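First comes the structure, then the notes that go with it.
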Amino acid sequence: MSAEAADPAAVPRRRSLPRIDLRRLGRVALLGPVSRDRLPDAIGHVADAHRAHHPDADLGILHRAYVLAESSHRGQMRKSGEPYITHPLAVTLILAELGAETTTLTASLLHDTVEDTEVTLDQVREQFGEEVCYLVDGVTKLEKVDYGAAAEPETFRKMLVATGNDVRVMSIKLADRLHNMRTLTVMRPEKQARIAKVTRDVLIPLAERLGVQALKTELEDLVFAILDPEEYADTRALIASTTGDEDPLGAIADRVRATLREAGISAEVLIRPRHFVSVHRVRRKRGELRPTDFGRLLVLVGEDADCYAVLGELHTCFTPVISEFKDFIAAPKFNLYQSLHTAVVGPEGAVAEVLIRTHRMHKVAEAGVVALGNPYAHDASNAHDGAAQQTEPSDERADPTRPGWLSRLLDWQESATDPDTFWTTLRADLAQDREITVFRTDGGTLGLPAGASCIDAAYAQHGERAHACIGARVNGRLATLSTQLSDGDTVQLLLAQDTASGPSPEWLDHARTPAARIAITGWLSAHPDAPVPEAGGADGRTEPAADNPQSAAPARTRSGGRAANVVVDGLESPIRLAGCCTPVPPDEVVGIVVRGGAVTVHRQECPAVARMREIGRAPVAARWRDEDGWSDPAACRVTLVAESFGRPRLLADLTEAIATADAAIVSATVEPPSEQRVRHTYTLQLPDAAGLPALMRAMREVAGVYDVSRAQHPAATG
C-alpha cells in the first residue's frame, strides 16, 4: 500500500536488483510489457480467472476500475522497481482465483487509489457505487501524520470495525498482505521482521478465523522464512531431499482409489503436500519424520453422505488409527471448515492421514468467506446455503458474515480506547486459536476461547452486569467462578441482587477473554478503595460486628458444658449438649457416656455417634423434656454452617439476617476464601427452637449464600 508506492523522482528505479520470484498468481500480473496498448491483456488475466468461477459476471466494471487504477498509479513504482499497478492487479488475481465476486474484485483494483493517489472516495462512490466505496475506505490506512505511533493499531481497529459490517474488507486486506509478503525481500531486514511479526500475530489468525486456508498457509511459510530463516532452510532441504524417493503415500492413494472404485463410490483421490510450516510442526511433534508425513490424502466426493461411505470403506479395508478420527462435518469449526479426518495404516505399516470432504466443502475450506460470493445479496444461494444452513448451526455460527468471535472482538474494542491496550489485547485475543461452545440455560449459546472460565462466560452473557456475579452452576452443579469450561457445558451464572458489588482482583487470574479482562480492570481502576469479599483475619476467624446488639451474648466453651433440657433414661449424671452437632428440639437425640460419668447428647445422625458404635460404645436413649418444661433460653443453642460465594458486605448481611430472627451470635468463624468460596460457621442462641427452620431460610436468602446446614463438627468459639 502506501509504503510500497514511491515517486520516481524521489526514489530511483532499482533495476539492478534481481527480479522477485513471485508465485503463480503474482507473476501473471507482470506478463507482457507495461505499455499503454497492452493494458487490456493485463485485465484479461483477471477476467479469465473470474469467469472460471462466475461465468455470467459483468466484466465491464472491472475494466473501468482497472483503467482508473492504472491511470491514477501511472508513474508510481514499487520498491522492487516494478510499476505500482502490478500490485493491485496481483491482489485482484489472488481473490479472483479464490472465487471472489465482482464487487470485491472491483474494490481490490482500487484499494490503494484513495490512499496513494489523487482519487477521492467521492469519485469512487460516484463511478462504482456505495458498496465499492465502503470496501475501499475500509482498507485505506490512517495517516501517520495524524495518528503518529498509533496509526497502525488504529488502522487495524478501523479495518476490523469495517469488517464487522462487510467481511469482504478483510478478504482484500489479506490478499494485499500476501502479495506484499511475496515481495518483502526488497525491504530492509528490520522492516521485514516488523511486518512479518504483525502478519504472524494479527493477519494469519484472522485468515484462520475467516477460513481462508489458501492465504493462511502461504502467509505462514513467508513469515517462517523471514523470522526463522535457519529452521526454514532446514525444512526446505528436508522436503527437497524426499524428491525422487519411493512414495509410500502414492501407493496408499492407489489402493484407496481401487477400494472406492470397487465399492462403487465416485471419488477423486489426491495427494496434498504439506506446506513448510506444517512439516516443521510435525517434525517438532514427532521428531523423526515418516515418509508419509510430508503430505496427506484428500478424497473429494459429491455429496455429504458419500463422505461417510468413504470413511466406512477405509476403516473396513485398512486398519484405522482411531485416535486420529475427527468429524468436522457434523460439528463444523467456527470458521465454516467441514471435513472428516482419519488416518489408516497402509502397506508395510505406513500411516497416511486422510481428509474426506465434498467439492463444495473443499472450496469453502480453501477460500473461507471468500467462497461465499456476495453474502449480503438477498438471493445468495451459493456456499452459504450449503456450508452454513445445512448443518443447522448454533447462533454463534449462524451468520458467517458476522461470526461470534468477530462480534465479541468489536464489543471489547469499544472499551479499549487506548491504542496500546487495543493492540496488545488484539494480539492476545487472536493467539487463542481454538473455540468452545457452551450452552446457556435459556437455550442460547456462548462462543468462548478454549480454557475460558465461568468469569469469561459471565461477561460474555451479561456484560458489565457480570460485576455482580457470585457463582455459577456448570451442568447443574455449583461451581466457582474460576471453573474452566469445556465444549458442550451448560452454564448458569448467579448474580447478586446488590448491584454495588464488584469483581475481585483475583478474577484477572482466571479471565481469558479481552472483554472480561478489560471490564474487570476498568472496574478495579474506578473503585480503588472497594472492599474485597470478607475473608476474616489471617487465621480465618471473624468476630461478630461490634454494632450488632445480639452479638453481646457471652461465649461458652465446650469445656464449660451447657445446661440441657434432656432426659436420659436410667441415669442421673450431668447432661450437656454436644458442640459438634448442637442438637435442638425436635431433633431425635441419643446420649453418649463420657469420662467422669457425664452424658453428652448428640443428634442421631451425628458422625460422632457412628464412631462410638464402631468402637463398641453403645449410645443411651435420650429425649427432650415436655414442651412446657422448655424454658431455658440458654439451652437452645445451635451451630450453623453457611456456604457462600465471597462478596463485599456478605458478613454484615448474614449477621443482619440472624439478628432479624432474634438469634444471638455466640461465636462466628469465617474460613479463608478458597476459589471465591467462603464458609461461615455460627454458634447461635435462639429464644425458641421452633424458629430454627425460619432462621436457616432467612440465611439462605442472603445474596451469595447457596447452602446453610447444621454443623457436623465442633464449633470454634471466641
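The first residue in the sequence is number 1, and the count goes up from there. The structure displayed is predicted, hence computed values, not measured ones.
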Task: Residues which pass ring-ring contact (aromatic ring centres under 6.0 Å, His included) with His280, listed by chain and number, not counting sequence neighbours - done: Phe224

Task: Verdict with supporting geometry, Glu154 and Lys158, side-chain contact (heavy atoms from CB on, under 4.5 Å) - done: CA-CA 6 Å; Glu154 290 302 328; Lys158 168 178 176 277; over 6 Å; no

Task: side-chain contact (heavy atoms from CB on, under 4.5 Å) against Ser486, all qualifying residues, sequence neighbours excluded - done: Asp489

Open item on the list: Just to verify, what does Phe325 make a ring-ring contact (aromatic ring centres under 6.0 Å, His included) with, not counting sequence neighbours?
Closed with: none

Open item on the list: Run Arg177 and Thr199 through side chain to side chain donor-acceptor pair (under 3.5 Å) and show every step you take.
Closed with: CA-CA 8 Å; Arg177 178 54 61 94; Thr199 303; 2.8 Å; yes

TODO: Could you tell me which residues satisfy side-chain hydrogen bond (donor to acceptor under 3.5 Å, both in side chains) with Gln484, sequence neighbours excluded, listed by chain and number?
DONE: none

Task: Positive for side-chain contact (heavy atoms from CB on, under 4.5 Å) with Ile204, one of Val198, Val277, Leu174, Leu219 - done: Leu219

Task: Qualifying residues under side-chain hydrogen bond (donor to acceptor under 3.5 Å, both in side chains), relative to Ser171, sequence neighbours excluded - done: none

Open item on the list: Asp442: which residues meet the side-chain hydrogen bond (donor to acceptor under 3.5 Å, both in side chains) condition with it, sequence neighbours left out?
Closed with: Arg440

Task: All side-chain contact (heavy atoms from CB on, under 4.5 Å) counterparts of Thr102, not counting sequence neighbours - done: His50, Ala57, Ile61, Leu62, Thr106

Open item on the list: Run the ring-ring contact (aromatic ring centres under 6.0 Å, His included) test against His341 and tell me which residues pass, sequence neighbours left out.
Closed with: Phe328, Tyr337

Open item on the list: If the condition is side-chain hydrogen bond (donor to acceptor under 3.5 Å, both in side chains), which residues does Asp201 pass it with, not counting sequence neighbours?
Closed with: Arg427

Open item on the list: His359: which residues meet the side-chain contact (heavy atoms from CB on, under 4.5 Å) condition with it, sequence neighbours left out?
Closed with: Glu268, Leu300

Please set out all donor-acceptor pairs under 3.5 angstrom arising from side-chain atoms of residues 458-466, sequence neighbours excluded.
{"residue": "Tyr459", "atom": "OH", "partner": "His467", "partner atom": "ND1", "Å": "2.8"}

Task: Qualifying residues under side-chain contact (heavy atoms from CB on, under 4.5 Å), relative to Ala511, sequence neighbours excluded - done: Ile455, Asp456, Ala516, Arg517, Ile520

